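Keep in mind the model is a prediction, meaning the values are calculated, not measured.
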Amino acid sequence: MSKITIIGSGNIGLSLAKGLVKKAYCRAEDITLTRRNLKSLSEEAAKGFNISDNNKVAMYDASVIVLAVLPQQLKSVLEEIAPAISPEKQLIVSVISGVTCADVRNKLGNNVQVIRAMPNTAIAIGQSMTCIASDNASDEQLERVTKLFETVGAVVTINEDLMTSATALCACGIAFFLRSIRAASQGGVEIGFHAHDALKMAVQTAKGAADLLLQTQSHPEGEIDKVTSPKGCTIAGLNEMEHNGFSSAFIKGIKLSARKAGGLYND
């Protein structure tokens, strides 16, 4: 079993590690997690993960090194690990917003294979939507990373120039859809339901809508047409939302997040 080192074990890094173990891709002892404050990894250590606050030591015997630090921290981390990289043995996978493969190679060397991956936090339950891209990795390495992330959700390979867009739609998108579910539950409370019931109803309704599209491969508007009748309550509610900019606000939010994601590394 190949060893995996995750540098920067915050939300995404930990979600990836837990998801891989949950789906039996590898064992906890095959994964090393790094963080400056090891106390915050005590729970993971108890579950069998290796933990370290020394990135160079942690990546020594790893065949896959996942970079999962904040964009603002990456330059110093790359300078730290550059002397310890073995390009012929180690693949770099970056899950950092707004950082190109070339940005990583500028610090680690042009002979290093780098693959960008943009998962979302649903990776922790095996339901991520992950986009991957590279400008120099072999087909074999792309397939390797595809299989890694397929154990924790769906994977799409895209051109690298679309990665910041993927960040907005899939990674930031988790928060957008969560906020829409929260809004639905708040509406439910206002029309008479207890908060816990309203939330359960909103969550299951959202899940049903998503599963309906995934399983039938139908278009959202086709399914909407099935629910709307002449002079009915559904079309009245939909139109009221549209009059108040529902779709427009959602689209504008995605566009702004994409612009922001593209500039995080250099901010």
Side-chain angles (χ1 to χ4, degrees), residues 1-71 73-74 76-78 80-97 99 101 104 108 112-132 134 137 140-155 170-171 174:
M1 173 61 67
S2 61
K3 303 285 187 178
I4 299 171
T5 294
I6 299 175
I7 296 178
S9 301
N11 289 334
I12 286 291
L14 288 178
S15 293
L16 173 59
K18 293 174 181 177
L20 290 173
V21 173
K22 183 181 178 74
K23 293 294 182 177
Y25 178 86
C26 60
R27 303 166 301 172
E29 52 263 40
D30 297 319
I31 300 176
T32 299
L33 306 170
T34 79
R35 197 161 183 169
R36 286 177 294 186
N37 181 5
L38 290 183
K39 290 181 180 178
S40 60
L41 293 177
S42 57
E43 182 180 330
E44 285 68 37
K47 292 179 179 178
F49 292 98
N50 302 301
I51 66 171
S52 175
D53 59 3
N54 187 317
N55 292 327
K56 286 196 290 187
V57 172
M59 56 185 267
Y60 173 71
D61 62 348
S63 59
V64 177
I65 299 164
V66 180
L67 302 174
V69 298
L70 293 173
Q73 299 170 335
L74 181 61
S76 61
V77 168
L78 291 178
E80 174 192 357
I81 68 173
I85 288 286
S86 299
E88 69 282 358
K89 298 178 182 178
Q90 296 177 315
L91 173 68
I92 301 296
V93 179
S94 169
V95 299
I96 304 169
S97 300
V99 178
C101 296
V104 176
L108 298 185
V112 175
Q113 290 192 73
V114 183
I115 294 177
R116 290 177 69 182
M118 183 45 59
N120 58 36
T121 51
I123 201 168
I125 58 167
Q127 292 294 326
S128 178
M129 177 64 252
T130 303
C131 295
I132 66 171
S134 180
E140 180 184 353
Q141 295 288 34
L142 279 168
E143 181 63 22
R144 180 182 188 182
V145 173
T146 296
K147 288 181 178 178
L148 186 151
F149 283 100
E150 277 180 344
T151 64
V152 285
V155 178
C170 303
I174 280 278

Backbone of [Y] reached by a side-chain donor or acceptor of [X] within 3.5 Å:
| X | Y | value |
| --- | --- | --- |
| T5 | A58 | yes |
| S9 | L14 | no |
| S63 | Q90 | no |
| E150 | V155 | no |
| R116 | C101 | no |

Enter the distance from [X]:[atom1] to [Y]:[atom2] here, rounded to the nearest 0.5 Å.
| X | Y | atom1 | atom2 | value |
| --- | --- | --- | --- | --- |
| N120 | M118 | CG | CE | 9.5 Å |
| L74 | E80 | CG | CD | 11.5 Å |
| L108 | I65 | CG | CD1 | 8.5 Å |
| L41 | L33 | CG | CG | 6.0 Å |
| S15 | I6 | OG | CD1 | 9.5 Å |
| I31 | C26 | CD1 | SG | 3.5 Å |

In the structure I gave you, are the side-chain heavy atoms of [X] and [Y] within less than 4.5 Å of one another anywhere?
| X | Y | result |
| --- | --- | --- |
| C131 | C170 | yes |
| R35 | I51 | no |
| P119 | F149 | yes |
| T32 | K3 | no |
| I4 | L16 | no |
| L20 | D30 | no |

Test L78 against L67 for side-chain contact (heavy atoms from CB on, under 4.5 Å), laying out the working first. CA-CA 9 Å; L78 291 178; L67 302 174; 3.8 Å; yes
Please determine whether side-chain contact (heavy atoms from CB on, under 4.5 Å) holds for the pair V104 and V112, giving the CA-CA distance in whole Å, both sets of side-chain angles, and the decisive distance to 0.1 Å. CA-CA 9 Å; V104 176; V112 175; 5.7 Å; no
Any ion pair linking E140 and R144 (charged N to carboxylate O, less than 4.0 Å)? no
Under-4.0 Å salt bridge between D53 and R36: no
Is there a side-chain contact (heavy atoms from CB on, under 4.5 Å) between M129 and I174? Walk through the geometry before answering. CA-CA 10 Å; M129 177 64 252; I174 280 278; over 6 Å; no
Among L70, T34, I96, V69, side-chain contact (heavy atoms from CB on, under 4.5 Å) partner for V77: V69
Please give me the minimum heavy-atom distance between I115 and A137, naming the atom from each residue. CG1-CB, 3.5 Å
Which atoms form the tightest heavy-atom contact between V21 and R27, and what is the distance? CG2-C, 4.0 Å
